[in-house]
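Chain identifiers are assigned alphabetically (A, B, ...) following the order of the sequence lines, protein sequences preceding nucleic acid strands; residue numbering begins at 1 within each chain.
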There are 2 protein chains.
Amino acid sequence: MVSQIRNNKHCQCPVEATLEVIGGKWKPIILWQLRTEKLRFSGLQQSMQGISPKMLTKQLRELEEDGLILREIYPEIPPRVEYSLTEFGKTVLPVLDALCKWGIEYLGRECLLDDQSLSDRS
Amino acid sequence: MVSQIRNNKHCQCPVEATLEVIGGKWKPIILWQLRTEKLRFSGLQQSMQGISPKMLTKQLRELEEDGLILREIYPEIPPRVEYSLTEFGKTVLPVLDALCKWGIEYLGRECLLDDQSLSDRS
DNA sequence: CGGGATCCCTAGAGATACTG
DNA sequence: CAGTATCTCTAGGGATCCCG
């Protein structure tokens, strides 16, 4: 798995390296959306208000390159592509969960995403 | 404490809101450096290879504005300013720890910072 | 449907020099 | 010492149009 990770030489700090993989404006949301179900490109685009197709493509390619998500192409007419979390991708969910919990507890942000399945938040 | 947080209207997702506060290239490192000791501006600058004074100032101001760090000014000649974590700032350490651990475990990054005091990493 | 290609454009980072 | 002030410059995001 590790071999699939982009080797960003400028990332020496593991925190920075992690943020390089799961951080940014869109990646946490993408990972969160894929947490429970496979989604198509158009499905993801709809669930992420305001993202352009170019940006969504870029984020998905990077997540795929890092081995977090799987891209399955069905050679149909019209074409269908489904994205899902890999087993490796699932290992970041607890980390996202930690970020989410701190945001809710200390920043008073409500979780606009589906907050039912935060692992064991009371 | 919460009232001290900048109200970024564009941050609805708590994960994004958290990353707004502790994310980026420099903030995790600053918080990490301050974890065990007060540091002066020059001390921080030395421990963070390559950061410009302008950028360091900006990051410190934002962290202060968000209530994570305390800025103490000693009216001496030459002037002395010391930065330290607030109690609120200490609450993010476990989150940083989670990011750090994932980076080390799954990205194979070594912790170049002082990795002794990662809470209870075996 | 699921993108790619192109153009544009500005926020923000670096470098350098200066100051109370 | 602990920062500002100024300038420059480019990576990266939005908008638009096109393609297999």
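- The shortest heavy-atom contact between A:Ile69 and A:Leu60 is CD1-O, 3.5 Å.
- In terms of the side chain to side chain donor-acceptor pair (under 3.5 Å) criterion, residue partners of A:Glu82 (sequence neighbours excluded) are, by chain and number, A:Tyr74, A:Arg80.
- Applying a 4.0 Å cut-off to non-hydrogen atoms, the residues of residues 70-81 of chain A that approach DNA chain D are A:Pro79, listed by residue number.
- One hydrophobic cluster, built from ILVMFWY side chains closer than 4.5 Å, holds both B:Met55 and B:Met48.
- The interatomic distance linking A:Lys25 (NZ) with D:dA11 (P) rounds to 22 Å, in whole Å.
- Cluster annotation: B:Leu70 and B:Leu96 are assigned to distinct hydrophobic clusters (Ile/Leu/Val/Met/Phe/Trp/Tyr, side-chain heavy-atom contacts under 4.5 Å, transitive).
- Contact check for B:Val81 versus B:Arg71: side-chain heavy atoms found under the 4.5 Å cut-off.
- Of the residues near DNA chain D, B:Pro53 and A:Met55, the one whose nearest nucleotide (by heavy atom distance) lies more toward the 5' end is B:Pro53.
- The aromatic rings of B:Phe88 and A:Tyr106 are tilted relative to each other, their planes meeting at an angle between 30° and 60°.
- When all heavy atoms of B:Leu31 and B:Leu85 are compared, the closest pair comes out as CD2-CD2, 3.7 Å.
- Heavy-atom contacts from other residues, nucleotides or ligands closer than 6.0 Å to CD of B:Glu76 number more than 12.
- Remark: B:Lys90 pairs with B:Glu87 by the salt bridge (Lys or Arg N to Asp or Glu O under 4.0 Å) rule, at least two apart or across chains.
- In this entry the distance linking CG of B:Leu60 with C1' of D:dA2 reads 11 Å, nearest Å.
- In terms of position along DNA chain D, the nucleotide closest to B:Gly43 lies nearer the 5' end than the nucleotide closest to the other residue of the pair B:Lys54 and B:Gly43.
- In this model, the phosphate group of D:dT4 is approached by a side-chain N or O of B:Arg61 to a distance below 4.0 Å at OP1 or OP2.
- By the side chain to side chain donor-acceptor pair (under 3.5 Å) test, A:Lys38 pairs with A:Glu72, sequence neighbours left out.
- In this structure, B:Glu64 atom CD and D:dG3 atom C1' are separated by 13 Å, rounded to whole Å.
- Residue A:Lys58 is classed as a sugar-phosphate contact, given heavy-atom separations below 4.0 Å to backbone atoms only.
- In the helix from C:dC1-D:dG20 to C:dG20-D:dC1, the rotation axis of the first five pairs and that of the last five pairs differ in direction by 50°, rounded to 10 degrees.
- Using a 4.0 Å cutoff to heavy atoms of chain B, the contacted part of DNA chain C runs 5' to 3' from C:dA13 to C:dG20.
- The shortest side-chain heavy-atom distance between B:Val15 and A:Ile29 does not fall under the 4.5 Å cut-off.
- Between B:Arg40 and D:dC1 there is no side-chain polar atom (N or O) within less than 4.0 angstrom of OP1 or OP2.
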